[in-house]
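Okay, structure first, notes after.
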Amino acid sequence: MNALKFVLNKVFFVLVLLTTCSSCKTEQKPNTSNHQESFPFMLPDEKPNRPLSAAMKRLYDDYPAPKPENNELFSQFKYTPLKGFKYGNHDGTISRRDPSKVILHNGTYYVWYTYRHTPTPPQGAAKSNDTIPSSDWDLSEIWYATSTDGFTWKEQGVAIKRPKKPLVGWRSVTTTDILKWEGKYYLYYQGFMEASGKRGDDCPVAVSYADSPDGPWTPYNKIVIPNGDQGAWDQYSIHDPYPLVYQGKIYLYYKSDTGVAPHWIRMQGLAIGDNPLGPFSKHPLNPVISSGHETSMFPFKDGIAALVYKDGNEHNTIQYAKDGVNFEIASITELMPYAAAPYISDAFSNTSDGRGITWGLSHFINLGGHNKFHSMLVRFDCDLSQDLHDPEMKRHRVKHDTTVYFKQGLSTNQIERIKNAHSN
Ligand code: AAL
């Protein structure tokens, strides 16, 4: 009897053991009849053939490369002060800003920019008069400078003076850009007919032309890019004219301030023409970029790339349009150059293989604070070029000093709000 009992106990023990193991085996693996391999440890260079989340689809479908270091349209930006420009004692009476693209002519770099030299810093529209500027770019002229290395510049003086009233630009000629077309040079610029700030920053675009980048410049004295119709997004301001030669035509990008201060929306438009003196046709899909501030584009491969900074949902992005019109985000970056004016070797060559950019000029504004407001030109360097691979420019993040974060401190209103929230 004892032997039978012993055997039965053993059999029962084995049965319990098998049941437990098999259940623990099933417990180890939930019912995953549709078992999906985990995403691989090493990020695949090519889009993997597997179900992907929206973020991972975007990583492969929307960006030129899944990693910033391999993305030709991602870059950090580095800044260098320029030599050769004087700003008085930075009292706000001398300002340089909104540089043009840089061109190379007979081994010398040229740049044009807004130059203001007034008896006082800007005083606002209400206090402005024939000598007191309303804004940093009021009562200004277009000046130019040359350089052999892009770091040290020699100021050459005025290129475009303010014309006599009532000609376009009599109040101020500002924010210029350069086009070379069939051997001649054209400077497009904002032509103010009233002090900026009276209603808004309202102006059309005018143009002057010359046989040499050293001038003399002949004003066309007509508006070439008119304001939009009443109620149109660009009815009041046509800013930052920015011509490139693309698909055999002049692609003139520009910005407009839409909406009502202080809730401005800045967006970018495009006008296309065959003749530098016009007419230009505004693209039916305008605005072609929903964000940004000054226009900064360059031919890249068979399309156009854009530096989009400062304002709007898509600020701090570098964008790309294979057709020069329908822009998509190619990368997200930071510390972007404002009023970026690159040196673009193929800006006017009607290229279908744009090489990209590695440097240019831009500006820092609001030097001297509200009472001494003025701006200065600076140089930026980057790697947005098919012909350069600078790993330092492809680092994912900019390492800011702690002072940068603490300078970005809470306002008194915010401190008050937080205190009240705690006390309630
Ligand atoms: C700049 C540009 C235009 C505006 C003002 C001067 O950044 O957008 O030129 O009119 O600000």
Side-chain angles (χ1 to χ4, degrees), residues 92 94-101 111-118 121-122 124-125 128 133-143 160 162 168-178 187-207 223 225-228 233-243 252-259 261-262 264-269 287 289-297 306-312 315 336-342 360-367 370 373-378 380:
I94 296 177
S95 187
R96 295 178 183 84
R97 59 176 291 154
D98 293 303
S100 72
K101 295 189 294 289
V111 69
W112 292 262
Y113 46 88
T114 304
Y115 177 77
R116 175 178 62 77
H117 189 178
T118 47
S128 66
S134 64
S135 68
D136 191 27
W137 55 95
D138 189 24
L139 297 174
S140 295
E141 297 178 320
I142 307 288
W143 280 39
I160 312 277
R162 291 160 53 198
V168 57
W170 67 267
R171 174 73 195 186
S172 196
V173 284
T174 82
T175 322
T176 190
D177 205 21
I178 184 82
L187 278 176
Y188 296 87
Y189 46 89
Q190 297 176 198
F192 284 90
M193 322 281 255
E194 63 176 18
S196 170
K198 290 276 187 206
R199 187 217 63 86
D201 195 21
D202 300 0
C203 62
V205 162
V207 64
I223 292 170
I225 309 288
N227 297 95
W233 74 286
D234 60 351
Q235 67 177 335
Y236 289 125
S237 54
I238 307 291
H239 289 166
D240 306 289
Y242 192 99
L252 195 149
Y253 294 91
Y254 66 92
K255 172 255 267 179
S256 190
D257 291 352
T258 67
W264 296 119
I265 306 279
R266 270 87 186 201
M267 299 192 282
Q268 317 300 325
I289 296 181
S290 69
S291 303
H293 195 99
E294 299 86 3
T295 44
S296 305
M297 285 83 177
L307 303 180
V308 183
Y309 40 75
K310 218 169 172 180
D311 297 327
H315 71 288
M336 294 183 79
Y338 283 2
L361 298 194
S362 65
H363 69 202
F364 291 160
I365 64 173
N366 196 10
L367 303 181
H370 184 68
F373 196 113
H374 64 293
S375 307
M376 67 186 280
L377 302 177
V378 295
F380 74 84

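Bear in mind that the values here come from a model prediction, so they are computed numbers and not experimental data. Read the numbers this way: they start at 1 and go in the same order the structure lists the ligands and their atoms.
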Q | Protein heavy-atom partner closest to atom 11 (O) of ligand 1 - residue, atom, separation in Å | A | Arg97 NH2, 3.2 Å
Q: Using the test side-chain contact (heavy atoms from CB on, under 4.5 Å), find all partners of Asp202 that sit at least two apart in sequence or belong to another chain.
A: Glu194, Arg199, Tyr236
Q. Does the N or O separation between Thr174 and ligand 1 drop below 3.5 Å for any pair?
A. no
Q. Would you say Arg266 contacts ligand 1, with heavy atoms under 4.0 Å as the rule?
A. no
Q.
List the residues meeting salt bridge (charged side-chain N to carboxylate O under 4.0 Å, His left out) with Arg171, not counting sequence neighbours, and say none if there are none.
A. Asp138
Q) Passes side chain to side chain contact (heavy atoms under 4.5 Å, CB included), Lys101 versus Tyr242? Steps please. A) CA-CA 8 Å; Lys101 295 189 294 289; Tyr242 192 99; 3.6 Å; yes
(Q) At under 4.0 Å between heavy atoms, is it the side chain or the backbone of Thr114 that contacts ligand 1, or both, or neither? (A) neither
Q) What protein heavy atom sits nearest atom 4 (C) of ligand 1, and how far away is it? A) Asp201 OD2, 3.2 Å
Q.
If only side-chain N and O atoms count, and only distance matters, is there a donor-acceptor pair under 3.5 Å linking Asp201 with Trp137?
A. yes
**Q.** Qualifying residue, where the test is side chain to side chain contact (heavy atoms under 4.5 Å, CB included) with Thr174 and the options are Arg97, Gln190, His239
**A.** Gln190
**Q.** Ring-ring centroid check Tyr254 Trp233, cutoff 6.0 Å
**A.** yes
Q.
Thr175 versus ligand 1: do any nitrogen or oxygen atoms come within less than 3.5 Å of each other?
A. yes
Q) Should you measure from each heavy atom of His293, which atoms of ligand 1 turn up under 4.0 Å away? A) 7 (O), 8 (O)
